[in-house]
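Nothing fancy with the numbering, it's 1 onward along the sequence. Note that ligands are numbered from 1 as they come in the structure, with each ligand's atoms numbered from 1 the same way. Keep in mind it's a predicted model, so treat the numbers as computed, not measured. Just so you know, these numbers use all the heavy atoms, side chains as well, and skip hydrogens, waters and symmetry mates.
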Amino acid sequence: MSVIYPRVALIGLGLIASSMAHAMRAQGLAAEIIGHARSAETRAVARELFCDRVCETAAEAVQGADLVVLAVPIGAMGAIAAEIAPHLKPGAVVTDVGSVKGAVVEAVAPHIPPGVHFIPGHPMAGTEYSGPRSGFATLFQNRWWLLTPGAETDAAELARLRSLLEGIGAKVDTMDVAHHDLVVAVVSHAPHLIAYTMVGVADHMRRVSQSEIVQYSATGFRDFTRIAASDPTMWRDVFLTNKDAVLDILGRFTEELFVLQRAIRMGDGDHLHAYFTRTRAIRRGIIEAGQDTAAPDFGRGAEPPRGG
Ligand code: NAP
């Protein structure tokens, strides 16, 4: 493939940014990749593994960049945007990879100068690992990357960003900001909270010893523990910034849980059977859409990455 952006600046050099860098390099989509992260340690790893140049400040890193990717925790986006704003090249595109869009747009958009294009984005791919060594070139392969352009977004710049993301393997879709935040609350944020809770419950169950939890975990609990091992900073920010949508979904979840709880108490097997038949159909739909494997035990060993 040919170069889509001559110079790309990655601000934040963790799982998502390092995976983007590996994939862009593998496909030859950027002539030069510049990076910045908070710590000297991360910058040194990035210099060694996937950046052509790293800078001590974000302001320096974005100078002359055609594409700037904000890949820091959601809570840090606003301050970074304020810092880089005066240094952005006219005509540059700024995008981000934050898992929540409303809060990021609110924090970043006011700082974007006229003549610079801000196109918010969210790769629905991740693992429970973080940091500059955790990235790999195939993370986005066949995963969705949602963009939330506004009515004023330049169509040619949107198409150019889309071609970069498709070039690194992603499937791209666009939607509005509020809809995005509701969709991810259902498919990602609430399930993560439920996994955190389930692992917390097991932790508090003094009647079940630690060794039994580990020994018998393959019966389902293991998958919760993997999700509940996700980065605490990232997930704290997700819940604090997608509060309304997550609370809406958790309210619905609690209602459903009470209905199932009542069915169990009343011995209403028909209700449980009908409910589980419906949920099984959803699982089939996910497999048919290529979003997971039908292999027994979730195809462990060749497991596809998760979304964040
Ligand atoms: P990560 O691996 O923890 O990396 C975060 C990076 O941001 C690190 O390089 C860190 O630098 C840097 N950073 C943090 N605060 C900073 C600041 N104030 N100034 C400059 N750099 C700063 O995180 P990640 O998983 O790549 O996530 C990054 C973004 O992607 C988040 O907004 C998250 O919502 C989104 N996202 C994550 C996933 C996922 O599953 N992981 C999926 C989709 C979207 P140091 O290493 O020096 O601390």
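- For the atom pair CD (E41) and CG (L13), the distance works out to 12.5 Å, reported to the nearest 0.5 Å.
- Remark: ligand 1 atoms within the under-4.0 Å shell around heavy atoms of G126 are 40 (O).
- To the nearest 0.5 angstrom, H204 atom NE2 is 11.5 Å from T197 atom OG1.
- Contacts between M234 and ligand 1 below 4.0 angstrom, taking non-hydrogen atoms only, involve the side chain exclusively.
- For ligand 1, the atoms lying closer than 4.0 Å to a non-hydrogen atom of A76 are 18 (N).
- By the criterion of a heavy-atom distance under 4.0 Å, the side chain of H36, and not its backbone, is placed next to ligand 1.
- On a distance-only criterion, H122 and ligand 1 share no N/O pair closer than 3.5 Å.
- No side-chain heavy atom of D96 sits less than 4.5 Å from a side-chain heavy atom of V108.
- The side-chain heavy atoms of H271 and V259, taken from C-beta on, include a pair separated by under 4.5 Å.
- Heavy atoms of M77 found under 4.0 angstrom from ligand 1 belong exclusively to the side chain.
- Residue nearest to atom 14 (C) of ligand 1, selected from P73, A125, G135, A46: P73 (by heavy-atom distance).
- Listed by atom number, the atoms of ligand 1 under 4.0 Å from G131 heavy atoms are 1 (P), 2 (O).
- For the pair N242 (side chain) and D181 (backbone), a donor-acceptor distance under 3.5 Å is present.
- The aromatic ring centres of H189 and W235 sit less than 6.0 Å apart.
- Numbered from 1 in the order shown, with element, the atoms of ligand 1 that lie under 4.0 Å from a heavy atom of I80 read 19 (N), 20 (C).
- A cation-pi contact links R278 to Y275, judged by a cut-off of 6.0 Å to the six-membered ring centre and 45° from its axis.
- Residues E255 and R252 are not paired through a salt bridge, judged by the lack of any N-O separation under 4.0 Å between the basic side chain and the carboxylate.
- Counting atoms of ligand 1 from 1 in the listed order, those under 4.0 Å from a heavy atom of T42 are 9 (O), 45 (P), 46 (O), 47 (O).
- Taking all heavy atoms of S130, A71, S39 into account, the minimum distance to atom 5 (C) of ligand 1 is reached by A71.
- The main-chain N or O of L146 is never found under 3.5 Å from a side-chain atom of D173 such that the two would form a donor-acceptor pair.
- Below 4.0 Å from some heavy atom of L13 lie the following atoms of ligand 1, by number and element: 6 (C), 8 (C), 9 (O).
- Under 4.0 angstrom from ligand 1, there are no non-hydrogen atoms of S134.
- Checked by distance only, ligand 1 and I16 come closer than 3.5 Å through their nitrogen or oxygen atoms.
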